[in-house]
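To start, the structure under review is shown below, and the notes come after it.
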Amino acid sequence: MNIRTAKVEDAKFISWAILESSRAGKKHGLFDLIFAPSKDIVKSLMKLVSHETKTICHYSNFLIAEIDGKPAGALCGYDGYKISWENMSEALESMGCQGDYKERISSFLMCEPIVEKNTIMLNFMITKEEFRGLGVIKALVKKVLLTARLKGFRKAQTDIEIGSIGTQLAYEKMGFTKKEEKKSDYYAQEFGREGITSYVAEL
């Protein structure tokens, strides 16, 4: 296995990772709503991933795990205090997404967790099905946390939908503990999950 920093040429794989991890077994996820009624969400995500405005989805935030030279998994790590939805709004609006997308994702924004200073956020964790069980996620998280410590981050945080038991257990095994839980009836109506729970680890 080889862990490397993502390049702009990885935009298509990263876009797939963002879309599939945000759906997480649901009929639709956050980016389905943002880019509705687009029929080619991966293409829209590719523009966002390589956009000059650095958002949470920017390729430079990602690590790629390769096995035998093939992309096996991805993980996003970014400064959750500095990179916010303001950056996302700037990028999306420049791409032609109208302001009403905020209304479409209002149920998510109601449950958006708080992020403290000096916190590295982990997001869009995914392994391709054929590579599961090979420790891809563990290797990616380990690499992100090591780099974060060297950069002076004090905490790591990930936000998990309530009911995503597999993801929750994976992070708990890596030392993350439950910090905050936000529930909303609107979130449940939109995504079929009660809300979002934050898990944090000291670095």
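Here the structure is a predicted model, which means the values were calculated and not measured. Counting from 1, the numbers follow the sequence of the chain as shown.
- Taking both residues in full, the closest heavy atoms of M110 and S184 are given as SD-OG, 3.8 Å, listed atom of the first, atom of the second, then distance.
- Expressed to the nearest 0.5 Å, how far CD1 of I56 lies from NZ of K54 amounts to 12.5 Å.
- Atom CD of E52 has 12 or fewer heavy atoms from other residues, nucleotides or ligands within 6.0 Å.
- By the criterion of side-chain heavy atoms lying less than 4.5 angstrom apart, applied directly or through intervening Ile, Leu, Val, Met, Phe, Trp or Tyr residues, L30 is not grouped with I162; the two fall into different hydrophobic clusters.
- Applying the ring pair (Phe, Tyr, Trp, His ring centres under 6.0 Å) rule to F108 yields the partners W85; only residues at least two apart in sequence or on another chain are considered.
- In this structure, the side chains of F124 and C57 come closer than 4.5 Å at one or more pairs of heavy atoms.
- Legend: residues meeting ring pair (Phe, Tyr, Trp, His ring centres under 6.0 Å) with F13, ordered by chain and number and at least two apart, are W16.
- At a threshold of 4.5 Å between non-hydrogen side-chain atoms, the residues C76 and M121 do not count as touching.
- For the 3.5 Å distance criterion, the side chains of T55 and Y78 fail to qualify, holding no donor opposite an acceptor.
- Atoms OG1 and NZ, from T5 and K7 in turn, are 10.0 Å apart once rounded to the nearest 0.5 Å.
- Put simply, L109 and I114 are part of two different groups of oily side chains (I, L, V, M, F, W, Y) that touch within less than 4.5 Å, one to the next.
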Before giving the answer on side-chain contact (heavy atoms from CB on, under 4.5 Å), spell out for F31 and S44 the whole-Å C-alpha distance, their side-chain angles and the decisive distance to 0.1 Å.
CA-CA 10 Å; F31 293 92; S44 297; over 6 Å; no
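- Annotation: side chain to side chain contact (heavy atoms under 4.5 Å, CB included) contacts of R132 (sequence neighbours excluded): T127, E129.
- Atom CG of N2 sits in a crowded spot, with more than 12 heavy atoms from other residues, nucleotides or ligands closer than 6.0 Å.
- Across all non-hydrogen atoms, the minimal contact from V136 to G73 is CG1-CA, 4.0 Å.
- Other residues, nucleotides and ligands place no more than 12 heavy atoms under 6.0 Å from the CG atom of D68.
- Looking at heavy atoms from C-beta onward, I34 lies in side-chain contact with I105 at the 4.5 angstrom threshold.
- Judged by distance alone, with hydrogens and angles left aside, the side-chain atoms of T119 form no donor-acceptor pair with the main-chain N or O of V115 at under 3.5 Å.
- Residue E130 qualifies as enclosed at atom CD: its count of foreign heavy atoms under 6.0 Å is above 12.
- In this structure a side-chain-to-backbone donor-acceptor pair under 3.5 Å is present from S15 to M46.
- In terms of heavy-atom proximity, M1 sits nearest to L134 at CE-O, 3.6 Å.
- Within the 4.5 Å cutoff, no side-chain heavy atoms of H58 are placed close to those of T53.
- The shortest side-chain heavy-atom distance between E66 and I3 does not fall under the 4.5 Å cut-off.
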What do the steps show when you test N87 against H51 for side-chain contact (heavy atoms from CB on, under 4.5 Å), and what is the final call?
CA-CA 11 Å; N87 307 95; H51 198 279; over 6 Å; no
Which donor-acceptor pairs under 3.5 Å do side chains of residues 187-202 form with protein atoms, sequence neighbours excluded?
unit_1	atom_1	unit_2	atom_2	d
Y187	OH	E161	OE2	2.6
E190	OE2	H28	NE2	2.9
R193	NH1	E161	OE1	3.1
R193	NH1	S164	OG	3.0
R193	NH2	A24	O	3.1
T197	OG1	E181	OE2	3.3
S198	OG	D159	OD1	3.0
Y199	OH	Q168	NE2	3.4

Can you give each donor-acceptor pair under 3.5 Å made by side-chain atoms of residues 140-155, sequence neighbours left out, with the distance rounded to 0.1 Å?
unit_1	atom_1	unit_2	atom_2	d
T147	OG1	K143	O	3.0
K155	NZ	E116	OE1	3.0

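- Shown here for Y59 and S50, the closest heavy-atom pair between the two residues is CD2-CA, 4.2 Å.
- Counting heavy atoms from C-beta on, the side chains of F35 and C97 come closer than 4.5 Å.
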Trace of the side-chain contact (heavy atoms from CB on, under 4.5 Å) decision for L75 with I126:
CA-CA 7 Å; L75 180 64; I126 195 166; over 6 Å; no
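- Checked by atom type and distance alone, the side chain of K27 never pairs as donor or acceptor with a backbone atom of R23 at under 3.5 Å.
- I83 and L63 fall into different hydrophobic clusters, where Ile, Leu, Val, Met, Phe, Trp and Tyr residues are linked whenever their side-chain heavy atoms come under 4.5 Å apart, directly or through other members.
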Do V49 and F62 pass the side-chain contact (heavy atoms from CB on, under 4.5 Å) test, and can you show the C-alpha distance, the side-chain angles, and the key distance before you say yes or no?
CA-CA 10 Å; V49 165; F62 281 80; 5.7 Å; no
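- Under the 4.5 Å side-chain criterion, counting only non-hydrogen atoms from C-beta, L19 is in contact with D32.
- Annotation: side chain of D79 is not in contact with side chain of I120 (no heavy-atom distance under 4.5 Å).
- Heavy atoms only, all atoms of each residue included: G77 and L122 are closest at CA-CD2, 4.3 Å.
- Hydrophobic clustering, with ILVMFWY side chains joined whenever heavy atoms are under 4.5 angstrom apart, groups L48 together with L33.
- For S22 against K26, the heavy-atom pair with the smallest separation is O-NZ, 2.8 Å.
- Under the rule for a ring pair (Phe, Tyr, Trp, His ring centres under 6.0 Å), the partners of F176 that lie at least two apart in sequence or sit in another chain are Y171.
- Other residues, nucleotides and ligands place more than 12 heavy atoms under 6.0 Å from the NZ atom of K179.
- In the hydrophobic cluster analysis, where Ile, Leu, Val, Met, Phe, Trp and Tyr join through side-chain heavy atoms closer than 4.5 angstrom, M95 is grouped together with I14.
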